[in-house]
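Just the heavy atoms: all of them, side chains too, but no hydrogens, waters or symmetry mates, feed the values below. Just so we're on the same page: letters track the sequence lines, and every chain starts at 1.
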2 protein chains.
Amino acid sequence: MLNRMTTDAPRRGRPPRGSAPGLSRSRVLGEALALVDEEGVEEVSMRKLARRLGVDPMSLYNHVDNKDAILDGITELILASAEFPASTSDLRSDMIELARAFRRAMLEHPRAAPLVLTRQLSSSQALAPTEIVLATLRRAGLSPQDAVHSMRTVLAFLIGTLMREVSAGPTFAAGDAEAIRSRRAELEESGLPMVAEAAPFLAVCDHDAEFEFGLRVLLEALDAELARTEI
Amino acid sequence: MLNRMTTDAPRRGRPPRGSAPGLSRSRVLGEALALVDEEGVEEVSMRKLARRLGVDPMSLYNHVDNKDAILDGITELILASAEFPASTSDLRSDMIELARAFRRAMLEHPRAAPLVLTRQLSSSQALAPTEIVLATLRRAGLSPQDAVHSMRTVLAFLIGTLMREVSAGPTFAAGDAEAIRSRRAELEESGLPMVAEAAPFLAVCDHDAEFEFGLRVLLEALDAELARTEI
DNA sequence: ACCTGAACACCGTTCAAGT
DNA sequence: ACCTGAACACCGTTCAAGT
């Protein structure tokens, strides 16, 4: 940052140094995602982002509409990074793999994941995963209506589970024994008998196990429900 | 707002007029919730809130630690407003009623609900609903561990469903036929065959039905799962 | 076409000064 | 004990001016 040129005084026109030769929408979004990964969503500002790119804050507006469009762009970037498997002949295992792929994509960007889980986009980028899921469900014989219904139920579970997982932060972290101990003590002294009794289980959360358990139970239930209404 | 006194000039010391005779934590939080209800979470600022209370912005800091504590306070206010039914002898219908009560509380403050669904508080205020749910599950014979597990699975579904419901905004609104028509057209022209085919169902969302369907399916599945592992 | 800087109307919060 | 205002270090965004 020091001694970048012979002078420190900023100039007008084209930037004098190599840090930002060609700004572009994709460079802006990529740097924005990196910023979210490092510092969290609430730390994103146009000015800070511009600083990282070595550019005037206002230059960003040549490539994105506004800050909100940047957050939408991050969402699309993450959705596009998910690698969804093609459908096979087994619906249940297909759905499990689709859900795992979605979860994997979120966990690669835990601080950005709330954006994806919170914003509902209707761009074609954001519809691509929907297309894949619907294709899998339709191929297994579900009607379009049942497919939409099933997708929504599973997605609600995924969103709820992942919101807990990515915003839990240090609490519930697997290794942090000290945090678990103090949380457990806090729950035990809450004065609430059921909470105190269940404190050992409330103080920890095995996210992998919760995810796999809930997903399995839910998919079995949907199977049963669909079998019932098909008769 | 005009002509509040003989002079417009603000003074020091105790406020000269009746608008804010005694500020208090509960008055601050109540007004904050009203502000969120009217304008949304992102419109909350200490300055705007103070203006509504007829008070200097800095006065708020005598009653709350900071802005984040206000948002936490709103969450506790809403959680405390939920009226959870006592448990009966039927676990399934108890859980359904608990879930409905939670949903009702969220839907009374749709713009504030994301705060409740997003922040995980460990204050005793926030633990009260947990105590009630655990008591219901324990009374039905579940072990503390199974109770925590079941509560988490149901809560994940509730959070996901309600996040969709409260942040869906005008899209998916029951009455707005024009919005539905244009959304459907958009989906049909997306170029994605499954999305286009399912457009009539993707363009609408009966939140009541989705909620009841998912909840029923999930609780049945949990019942079956618990019956299985108990053998 | 793209980048820039001043300017506008905001923020949250600290701190010393009032009553 | 509580309220106040100036001040600090920030925001997002518009707009005219540069190259």
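Near-neighbour residues of DNA chain C inside residues 62-75 of chain A, defined by a heavy atom below 4.0 Å, number-ordered: A:Asn62, A:His63. DNA chain D lies under 4.0 Å from at least one heavy atom of each of the following residues of residues 29-45 of chain A: A:Val44, A:Ser45.
Among the protein residues, B:Met58 comes within range of the nucleic acid bases, having at least one heavy atom under 4.0 Å from a base atom.
Nucleotide D:dC15 holds its P atom 17 Å from the CG atom of A:Asp56, rounded to whole Å.
Taking A:Ala99 as the reference, A:Leu158, A:Phe211, A:Leu215 meet the side-chain contact (heavy atoms from CB on, under 4.5 Å) condition, with sequence neighbours excluded. Scanning for salt bridge (Lys or Arg N to Asp or Glu O under 4.0 Å) contacts around B:Glu131 gives an empty result, with sequence neighbours left out. Partners of A:Asn66 under the side-chain hydrogen bond (donor to acceptor under 3.5 Å, both in side chains) rule, at least two apart in sequence or in another chain, do not exist in this structure. Here A:His149 pairs with B:Phe213 under the ring-ring contact (aromatic ring centres under 6.0 Å, His included) rule; sequence neighbours left out. A:Phe84 pairs by the ring-ring contact (aromatic ring centres under 6.0 Å, His included) definition with nothing, not counting sequence neighbours. Shown here are the salt bridge (Lys or Arg N to Asp or Glu O under 4.0 Å) partners of A:Asp65, two or more places apart in sequence or in another chain: there are none. For the salt bridge (Lys or Arg N to Asp or Glu O under 4.0 Å) test, residues two or more places apart in sequence or in another chain that qualify with B:Arg119 are B:Asp68, B:Asp72.
Contacts classified as salt bridge (charged side-chain N to carboxylate O under 4.0 Å, His left out) and involving residues 147-163 of chain B (residues at least two apart or in different chains) are given here: A:Glu210-B:Arg152.
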Pairs counted as Watson-Crick or G-U wobble with both distances under 3.5 Å: what dot-bracket string results for DNA chain D, using | for bases tied to another strand? ||.|||||...|||||.||

Side-chain donor-acceptor contacts of residues 108-116 of chain B below 3.5 Å, not counting sequence neighbours, with atom names and distances?
unit_1: B:His109; atom_1: ND1; unit_2: B:Asp37; atom_2: OD1; d: 3.1
unit_1: B:His109; atom_1: ND1; unit_2: B:Asp37; atom_2: OD2; d: 2.9
unit_1: B:Arg111; atom_1: NH1; unit_2: B:Glu38; atom_2: O; d: 3.0

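Taking the C1' atoms as reference points, D:dC15 lies 14 Å from C:dC3, given to the whole Å.
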